[in-house]
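Report on one structure; see the data block that follows.
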Amino acid sequence: MSSTNTILTQLTTTPKEKPTVEQLGFGKHFTDHMFMMDYTIEQGWHNARIIPYQPISLDPSAMIFHYGQSVFEGMKAYKTPAGDVQLFRPERNFKRLNISNDRLCIPAIDEQFALDALKQLLSIDKDWIPSEPGTSLYIRPYTFATEPFLGVAPAKSYHFIIIMSPVGAYYSEGINPVKILVEKQYVRAVVGGTGEAKTGGNYANGLKAQEIASKEGYSQILWLDGKENRYIEEVGSMNIFFKINGKVITPALNGSILAGITRDSMLHLLKSKNIDVEERRITIDEVVQAYEEGILEEAFGTGTAAVISPIGQLKWQDTELTVNDGQIGEVTQMLYDTLTGIQNGTVEDSFGWIVKL
Ligand SMILES: *Cc1c(COP(=O)(O)O)cnc(C)c1O
């Protein structure tokens, strides 16, 4: 990789007005600056720069528009009550970016350099990090093919960009468990496909089922495996956990499930609290049976955006399963409080997960 060690910086001369806490929402506002870098076969990743947030120009034949060669990440920066800026396991996100890059034939980025670039971008835009409880700065690194060419092959040129968006408290009115539809027609991913990569096509592929479910009053889809339509994989774009008869179970990573960093953190937290936890295959029939036996105690999704989303109700064919009377469960609440506490600096991090700016 050539000339990756200097980052040219051009500051904006027209800073934007920052949104108020009430205006925040999710992914609607963007900070004053962005990080950008280019790839060519001859130069590798080069021309690292921090520039004012702005539109980018691409040739209409740029391969991203035609064959979807793109990858993204999602992570957050938090401002602690003491005013420090911190990241949560950021090296994991850049590592996963490269795992996804590899699956999509996009050249690897230098993970340490990307983290250093993010830290520089954060220090320039640190006033954009909201400090009210539950708020954070969402960070979106992404790579995509830019070569102007209509041929199906890995592109010869790419961009790597990082943009940042101040986001509000995900649960402004307390955590409300959601209604989930177990999908029986559409599938999200299959083993051997791209389910393990954070690539745009997976999400475009899920929109149809999501739209149908929304119309029927469900907030998310529970995805079953793409082959036998029995094994539970994910919920929406989150990993999923069940508590059955005192034991916490999450589907084992099988090649079609995205390896969530929140999922991994939950597994560590559960073990540290001496709660029994299993990573294994679990069928929808097993969950229905647990419900009928009265031992389906809790269910929740995990991901960076919401951290935890409790499941209040599951619909599978003609059966409606209500979990914990539609209330958030004890373990779900404990995990939420502990993880968000570590992330925002109010609970001590005994795992070494926090990276200070
Ligand atoms: C991003 C994502 C997750 C959650 O990953 P985190 O690292 O916890 O944010 C889970 N499933 C899918 C499909 C995802 O895209």
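Order of listing sets the numbers, starting from 1, for every ligand and every atom in it.
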Practice task
Using a cut-off of 6.0 Å, state whether more than 12 heavy atoms not belonging to K16 lie near its atom NZ.
Solution key: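 Correct, the count exceeds 12.
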Exercise for the section: Compute both the distance and the angle, then confirm whether K315 meets the cation-pi test with Y218: under 6.0 Å from the six-membered ring centre, within 45 degrees of the axis. Expected result: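 Judged by the rule, K315 and Y218 form no cation-pi pair.
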Problem - Gap between atom CG of L115 and atom CD1 of I109 - 0.5 Å precision - result: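 These two atoms lie 10.0 Å from each other.
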Practice task
May I ask you to decide if G246's main-chain N or O and E297's side chain share a donor-acceptor pair within less than 3.5 Å?
Solution key: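 Judged by distance alone, yes, a pair lies under 3.5 Å.
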Handout entry: Close side-chain approach of Y186 to N205, heavy-atom, < 4.5 Å
Key =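 Counting from C-beta outward, Y186 and N205 never come under 4.5 Å.
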Handout entry: Centroid-centroid under 6.0 Å between F160 and Y158 rings
Key =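 No: the rings miss the under 6.0 Å criterion.
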Nitrogen or oxygen contacts under 3.5 Å, ligand 1 side and protein side:
| residue | atom | partner | partner atom | Å |
| --- | --- | --- | --- | --- |
| ligand 1 | 7 (O) | R96 | NH1 | 2.8 |
| ligand 1 | 7 (O) | R96 | NH2 | 3.1 |
| ligand 1 | 7 (O) | I261 | N | 2.8 |
| ligand 1 | 8 (O) | I261 | N | 3.3 |
| ligand 1 | 8 (O) | T262 | N | 2.9 |
| ligand 1 | 8 (O) | T262 | OG1 | 2.5 |
| ligand 1 | 9 (O) | T304 | N | 2.9 |
| ligand 1 | 9 (O) | T304 | OG1 | 2.5 |
| ligand 1 | 11 (N) | E234 | OE1 | 2.5 |
| ligand 1 | 11 (N) | S237 | O | 3.3 |
| ligand 1 | 15 (O) | K198 | NZ | 2.7 |
| ligand 1 | 15 (O) | Y203 | OH | 2.3 |

